[in-house]
Protein chains: 2
Amino acid sequence: MKNQPIPNRALDLVGILRGEGLRITPQRIAICRALTGRHDHPTAQNLYDELRSDFPTISLTTVYQTLDTLSRLGAITSLGRAGDDTIHYEVNTEPHINLVCRDCNQIFDLPSQGIRLLEQEVRQKLGIAAPQGKVVYYVHCNDHVDLHHSNENPRENHGENHDE
Amino acid sequence: MKNQPIPNRALDLVGILRGEGLRITPQRIAICRALTGRHDHPTAQNLYDELRSDFPTISLTTVYQTLDTLSRLGAITSLGRAGDDTIHYEVNTEPHINLVCRDCNQIFDLPSQGIRLLEQEVRQKLGIAAPQGKVVYYVHCNDHVDLHHSNENPRENHGENHDE
DNA sequence: TTCTTATTAGTAATCATTACAATATAATAA
DNA sequence: TTATTATATTGTAATGATTACTAATAAGAA
């Protein structure tokens with residue numbers, strides 16, 4: 001698996017690291033690939049568990065560090081600790097609302113037109129080209145059965161070569 | 001100080017507790033008053049430190065519990081861990097954007113029209129009357145010197161009887 | 001290939017928050 | 001007012017995700 005081709009989206013993340021003059025290591029490639037293969041909001045531990053089967057020597061610390069690096073570069077977004085006490089990340093760069101369930105701690109993406117306007121407002125007021133931020137609302141997913149289906153559709157396929 | 005009149009806004013918070021059938025204790029009153037006396041985004045420890053001079057026996061656990069209670073009731077908002085590793089709360093219920101400085105961890109309120117529209121969108125899409133949520137964008141406050149003044153104006157005075 | 005230095009791995013330390021249990025007290029009714 | 005009882009408070013101990021640290025490794029440049 002380690003020698004499989006790298007999906008475009010993962011290449012994007014790797015390219016961001018390279019653009020910063022950071023070293024491209026097998027660990028970082030694996031983490032970028034794992035990130036882009038997900039449509040949920042993984043934690044460092046989630047990714048570590050997933051990666052270990054293909055990459056038994058990877059360390060949890062490396063996963064933490066790489067996520068922090070990518071996050072500070074704006075390549076991914078840290079949602080902070082959501083309900084449970086762990087930091088969740090997301091790769092979905094499309095503007096959207098994150099719905100956090102107060103009961104089960106799951107996070108659901110809700111597409112939003114309002115966010116686009118909000119980002120525009122932030123860009124204008126702060127003079128930032130690409131603002132980093134997060135929008136979170138709390139729900140009880142049992143009250144919104146439809147939410148359970150909202151994360152099932154993989155993000156639109158940009159023509160990447162799938163490696164699974 | 002413990003026997004001073006309670007400002008209206010603090011009475012609001014106390015009233016919410018009472019409305020839930022919870023007991024009105026001197027600790028809870030003190031915490032509600034401390035919360036409403038602030039125009040920043042205090043942590044449990046911040047409030048504990050402030051309260052101890054007037055209320056030497058109050059415990060940190062009580063502050064944590066009361067903040068959690070008020071937060072779950074929607075009376076205040078938890079901003080989660082902002083930059084530093086501590087949970088910040090806010091009493092400002094006016095819709096606004098929270099700007100978190102990546103350098104100094106300060107949090108600045110930015111009034112926003114877009115948030116109103118966003119909340120309306122959430123209300124409509126989820127059928128929730130008063131959505132609980134938070135909107136956070138990250139900045140570097142040194143790039144935005146004007147931010148340092150944005151929290152200086154106390155929230156508009158609603159006619160409460162000041163007790164300081 | 002060699003060299004330099006960033007990165008990784010493994011473990012130990014941190015520390016905000018939560019859990020717990022004994023004590024105190026708010027609220028209710030007699 | 002007093003008794004009653006469930007809730008709240010306190011102080012301390014436990015938790016556990018994240019970070020700090022250091023030796024060993026390996027990416028990238030020459």
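Every chain is numbered from 1, with letters handed out A, B, ... down the list of sequences.
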Novice: Take the protein atom CD of B:Glu20 and the nucleotide atom C1' of D:dT7, then report the distance between them rounded to whole Å.
Specialist: 15 Å
Novice: What closest approach, in Å, do A:Pro95 and A:Ile115 show between heavy atoms, and which atom pair accounts for it?
Specialist: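 So the minimum-distance heavy-atom pair works out to CB-CG2, 3.5 Å.
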Novice: How far apart are the closest heavy atoms of B:Arg33 and B:Thr36, and which atoms are they?
Specialist: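 That closest heavy-atom pairing would be O-OG1, 3.0 Å.
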Novice: Looking at every heavy atom in both B:Gln132 and B:Ile76, which two are closest together, and how far apart are they?
Specialist: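 For B:Gln132 versus B:Ile76, the nearest heavy atoms are OE1-O, 4.3 Å.
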Novice: If every non-hydrogen atom of A:Gly114 is compared with every non-hydrogen atom of B:Leu118, which pair is closest and at what distance?
Specialist: C-CD1, 3.7 Å
Novice: Could you tell me if A:His41 and A:Asp109 have a donor-acceptor pair between their side chains, going purely by distance under 3.5 Å?
Specialist: yes
Novice: From CG of A:Leu17 over to C1' of C:dT8, roughly how many Å is that when rounded to an integer?
Specialist: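 Distance, rounded to whole Å: 15 Å.
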Novice: Could you give the angle between the helix axes at the two ends of the helix from C:dT1-D:dA30 to C:dA30-D:dT1, with five pairs per end, rounded to 10 degrees?
Specialist: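 Axis angle across the helix from C:dT1-D:dA30 to C:dA30-D:dT1, nearest 10°: 50°.
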Novice: Figure out the CZ/P separation between A:Phe55 and C:dG10, and round it to whole Å.
Specialist: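 After rounding, the reported distance stands at 11 Å.
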Novice: Side-chain donor-acceptor pair under 3.5 Å between B:Glu50 and B:Asn46, yes or no?
Specialist: no
Novice: Using the test salt bridge (charged side-chain N to carboxylate O under 4.0 Å, His left out), find all partners of B:Glu119 that sit at least two apart in sequence or belong to another chain.
Specialist: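 So B:Glu119 forms a salt bridge (charged side-chain N to carboxylate O under 4.0 Å, His left out) with B:Arg123.
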Novice: Please list, chain by chain and in numerical order, all residues satisfying side chain to side chain donor-acceptor pair (under 3.5 Å) with B:Thr69, sequence neighbours excluded.
Specialist: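 So B:Thr69 forms no side chain to side chain donor-acceptor pair (under 3.5 Å) with any residue.
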Novice: Does C:dA6 have its OP1 or OP2 closer than 4.0 Å to a side-chain nitrogen or oxygen of A:Arg28?
Specialist: no
Novice: Listed by chain and number, what are the salt bridge (charged side-chain N to carboxylate O under 4.0 Å, His left out) partners of A:Arg23, not counting sequence neighbours?
Specialist: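 With sequence neighbours excluded, A:Arg23 shows a salt bridge (charged side-chain N to carboxylate O under 4.0 Å, His left out) to no residue whatsoever.
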Novice: With sequence neighbours left out, which residue pairs that include part of residues 11-21 of chain B fulfil the salt bridge (Lys or Arg N to Asp or Glu O under 4.0 Å) condition?
Specialist: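 Output for this query is empty, none listed.
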Novice: Between A:Ser59 and A:Tyr48, what is the shortest heavy-atom contact and its length?
Specialist: C-CE1, 3.8 Å
Novice: According to side chain to side chain donor-acceptor pair (under 3.5 Å), who are the partners of A:Ser112, at least two apart in sequence or on a separate chain?
Specialist: B:Glu121
Novice: Can you give one letter per nucleotide of nucleotides 18-23 of chain D, 5' to 3': B if a protein heavy atom sits under 4.0 Å from the base, S if only from the sugar-phosphate, - if neither?
Specialist: BBB---
Novice: Quick one, give me the B/S/- string for nucleotides 24-30 of chain D, reading 5' to 3', where B means a protein heavy atom under 4.0 Å from the base and S means that only happens at the primed atoms, P, OP1 or OP2.
Specialist: --BBS--
Novice: Could you go over nucleotides 28-30 of chain C and give all protein N or O partners under 3.5 Å, atom names and distances?
Specialist:
none

Novice: Can you list, in residue-number order, the parts of residues 70-78 of chain A that come under 4.0 Å of DNA chain C, counting heavy atoms only?
Specialist: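 Heavy-atom cutoff 4.0 Å gives no residues at all.
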Novice: For B:Lys134, which residues count as a salt bridge (charged side-chain N to carboxylate O under 4.0 Å, His left out) partner, sequence neighbours excluded?
Specialist: none
Novice: In whole Å, I'd like the distance from the CD1 atom of A:Ile31 to the P atom of C:dT7.
Specialist: 12 Å
Novice: How many whole angstroms separate atom OH of A:Tyr89 from atom C1' of D:dA17?
Specialist: 11 Å
Novice: Could you give the CG-to-C1' distance, from B:Asn46 to C:dA16, as a whole number of Å?
Specialist: 13 Å
Novice: Expressed as a whole number of angstroms, how long is the span from A:Leu67:CG to D:dA17:P?
Specialist: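 Answer to the nearest Å: 15 Å.
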Novice: Checking B:Arg102 now: which residues fulfil side chain to side chain donor-acceptor pair (under 3.5 Å) with it, not counting sequence neighbours?
Specialist: none
Novice: Set out, in order, the CA-CA distance, both residues' side-chain angles and the distance that settles side-chain contact (heavy atoms from CB on, under 4.5 Å) for A:Glu90 and A:Ile107, then state yes or no.
Specialist: CA-CA 10 Å; A:Glu90 76 171 329; A:Ile107 304 170; over 6 Å; no
Novice: Under a 4.5 Å side-chain heavy-atom rule over Ile, Leu, Val, Met, Phe, Trp and Tyr, are B:Leu73 and B:Ile31 clustered together?
Specialist: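 Result: yes, single cluster for both.
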